[in-house]
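Residue numbering restarts at 1 for every chain, and letters A, B, ... go by the order of the sequence lines.
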Amino acid sequence: MLGQMTGRLRGGLTGVALGALACLAPVAGSGAPVTQETLLDPAPQDWLQWRRTFDGWAHSPLDQITKENVGSLTLAWGWAMLPGSQEVVPIVHDGVMYIANPGGSVQALDAKTGDLIWEYRHETPEGFREGMMNRGLALWGDNVFIATPDAEMIALDTKSGQIVWQTTIASREVGKSITAAPIAVDGKVIVGVQGCFRFYEEKCAVVAFDAQTGAQAWRTDTVQREEGDGENTWGGQPWLLRGGGDVWTTATYDPDLDLIYIGVSQAKPWSRLSRGQDGDSLYTSSTLALDPKDGSIQWYRQYIPGETNDMDEAFEHILVDIDGEPSYVNMGKLAILWRGSRVDGTPLPAFDMGLQDQIDLNADGTFATYRDGKIGELGVPVMLCPSTTGFRAWRSMAFNPDTRAVYVPMSINCDEAVVYGEVEMVEGGGGNGKFAENRIAHPDDPDHLGRIAALNIDTGALLWEKRLRTPANTGMLSTDTGLIFAGDWDRNFWALDAQTGAELWRTRLPQAAQGMPITYEVDGVQYIAIPVGTGGYSWSTSVPTQLAPEVKRPEGGNAMMVFALPAQPS
Amino acid sequence: MPIRHILQTTGGLMLLCAVASGAQAADKVVLLQGGSIGTAQVAAGAEAYLDNCAGCHGEDLRSVNSNAPDLRGPTFQYSWVTKPLEETFHKIITTMPPGMTGEIDPETYAQIVAYILNFNGVEAQEDGRFPQTAEEVAPMDLVIQ
């Protein structure tokens with residue numbers, strides 16, 4: 001049955017045309033409401049949030065697919081997605097898969113068969129570019145939440161796809177946008193704002209809404225606003241001219257400490273020379289530990305004060321115990337594994353994978369200094385490893401508790417000629433300040449643009465690495481049976497041995513593996529889902545197109561591909 | 001090192017001047033040697049640009065997205081004039097807009113590039129025509145006078 005459905009709207013509508021087109025079919029599973037308890041201890045068969053659990057491990061307890069049988073995985077079903085920029089992670093609850101499409105539309109599918117249950121079509125304002133990225137969804141109660149590219153937070157009924165409430169997160173009129181999936185914590189749905197590219201009074205922020213009503217619960221700007229005689233870490237610059245501090249990754253959450261951890265990008269324009277000041281520029285290039293009840297900053301840790309080359313430290317935090325202490329690890333574009341206390345952010349020694357050429361570290365895991373020539377001069381080309389793609393970026397790591405390794409999806413390239421210049425220091429001015437670039441393969445590994453690395457978080461030892469012609473192009477998925485699932489831009493999708501990196505299964509996808517693979521179970525069958533697609537941030541399409549021109553792939557084609565073991569004869 | 005000190009070095013000042021002159025590129029004559037753009041292409045390209053490109057590169061060709069460069073001013077000088085146009089054109093037709101390359105036909109790409117070139121000072125001609133393939137673009141050179 002197809003029908004135009006009118007959502008019940010209680011949030012602050014801002015003249016956005018809305019529509020929910022639903023195709024109703026029998027719903028698989030019971031669809032029990034999602035609670036804090038559900039999220040704290042998810043059923044083994046579910047994948048309820050972007051990295052499955054609050055600790056960000058992307059590690060599943062499911063054990064039907066093993067090292068012994070993974071070689072016989074076969075296609076169960078596929079679903080073509082809307083065109084646009086793809087980096088999504090699907091979520092699964094009680095046999096229903098929810099998929100965020102580019103542009104902000106959502107489908108609910110029977111996760112066993114791929115049948116459509118309902119579809120919500122998001123209509124962006126006139127003139128808003130179609131197909132902008134959306135990385136995923138969150139679940140709470142009877143609702144699934146999408147934070148759209150045009151900066152709306154929308155709660156959809158998980159059973160029908162109808163709008164329950166909708167409210168505006170930030171001002172799209174001044175470039176604000178959302179790409180990250182929200183996270184639901186204890187009745188609040190929380191998401192980061194990006195789009196602080198040009199100078200405006202409104203800053204990027206982390207914003208929380210009441211999951212039931214859509215009322216804004218709190219808003220914490222990612223740019224420090226000093227009070228009284230407080231130190232001005234922005235070199236005396238007025239509030240208006242403090243750009244950047246974008247948030248484009250989802251938080252993780254520690255229920256014992258009741259803190260969320262979220263990464264904040266560098267300042268803009270990117271170069272401190274373009275900014276005209278070399279202050280630390282808080283809270284850029286930092287982890288913020290926020291109280292989810294009120295958004296207050298409990299602690300922050302800045303990785304690179306006054307960062308100057310667009311080297312984001314803005315990605316996922318994986319919560320682990322190190323030497324028995326509550327700790328976290330994260331890794332930014334420089335491929336340095338930062339480690340620290342999740343109680344107060346105190347650094348632990350960091351592990352530099354040895355690919356970057358920009359900064360030196362102190363033994364205690366803190367930034368020491370920029371290397372000679374890496375801050376550069378305005379208008380003068382400078383060589384940087386990595387390029388602004390980063391050795392890693394949006395593609396999230398996974399953690400396996402048995403190997404105690406993080407599995408790192410990497411894009412390996414450098415820039416031989418970055419040129420930074422001046423920007424207009426006025427309202428609406430700014431920008432990234434980069435006038436030119438010329439990306440090249442890494443001089444130490446000219447034949448490989450990608451790598452999957454397994455890095456022990458206690459010692460920094462490299463367990464193994466798999467070098468790839470094209471970038472590793474997916475998040476990592478770990479299972480309790482010692483498997484790592486990962487894909488690349490060249491349409492390969494692998495099951496790897498978590499301990500050795502040995503290739504146990506490979507298939508060739510119709511398009512680049514692009515997004516986050518997950519695993520789930522319905523009616524006793526374990527499935528592996530992998531998004532494929534094009535576009536993407538961090539120059540996911542242009543770098544391999546330019547630097548591996550012999551590798552061809554189709555022009556378009558976003559989709560969700562789902563695999564399982566062959567059905568056993570009964 | 002304090003920023004002001006860096007800017008006061010001779011090399012820094014010289015290069016700042018170079019950047020400033022690049023910002024005036026639109027006021028200078030930019031020649032498309034070995035090729036041409038058509039008046040009708042530019043008009044159609046302006047519309048196609050708004051539909052397909054302005055969401056990231058800005059309605060005034062000043063970027064509104066950190067992954068997207070400006071398409072005017074010093075960025076045009078550094079990233080278009082100093083590189084083979086064939087390379088830039090190939091990048092556009094194979095990667096733009098992100099995730100939507102299959103949605104745009106070859107003549108529309110040609111029109112959009114004609115519009116960008118015209119915006120930056122390349123004169124359009126009634127009988128001019130910017131081609132649809134990188135091979136046809138290969139002999140062309142951008143020169144600022």
Do [X] and [Y] have side chains that approach each other closer than 4.5 Å (heavy atoms only, starting at C-beta)?
| X | Y | result |
| --- | --- | --- |
| N67(B) | W539(A) | yes |
| S79(B) | F435(A) | no |
| P98(B) | Y537(A) | no |
| R62(B) | E424(A) | yes |
| P83(A) | E103(B) | yes |
| E130(A) | P97(B) | no |

Portion of Q546(A) that has a non-hydrogen atom of chain B nearer than 4.5 angstrom: side chain
Part of S538(A) lying under 4.5 Å from any heavy atom of chain B: backbone
Check: R198(A) side chain, S63(B) main-chain N or O, donor-acceptor pair, under 3.5 Å: yes
Side chain S85(A), main chain G99(B), donor-acceptor under 3.5 Å: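 Not a single qualifying donor-acceptor pair exists.
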If you round to the nearest 0.5 Å, how far is [atom2] of [Y] from [atom1] of [X]?
| X | Y | atom1 | atom2 | answer |
| --- | --- | --- | --- | --- |
| M100(B) | T534(A) | CE | OG1 | 9.0 Å |
| N65(B) | M132(A) | CG | CE | 5.5 Å |
| W248(A) | S66(B) | CH2 | OG | 7.5 Å |

Stepwise salt bridge (charged side-chain N to carboxylate O under 4.0 Å, His left out) check, K91(B) with E437(A): CA-CA 13 Å; K91(B) 182 176 178 177; E437(A) 65 197 13; 3.7 Å; yes
D70(B), part contacting chain A, at a heavy-atom distance under 4.5 Å: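 When you check distances to chain A, no heavy atom of D70(B) falls under 4.5 Å.
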Enclosure of E87(B) CD (heavy-atom neighbours >12, cutoff 6.0 Å):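 More than 12 heavy atoms, drawn from other residues, nucleotides or ligands, come within 6.0 Å of this atom.
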Contact summary for T94(B) and T541(A), nearest pair of heavy atoms: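 Of all heavy-atom pairs spanning T94(B) and T541(A), the closest is O-CG2, 4.4 Å.
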Closest contact, heavy atoms only, Y78(B) versus A436(A):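 Smallest heavy-atom distance, with atoms named: CB-CB, 3.6 Å.
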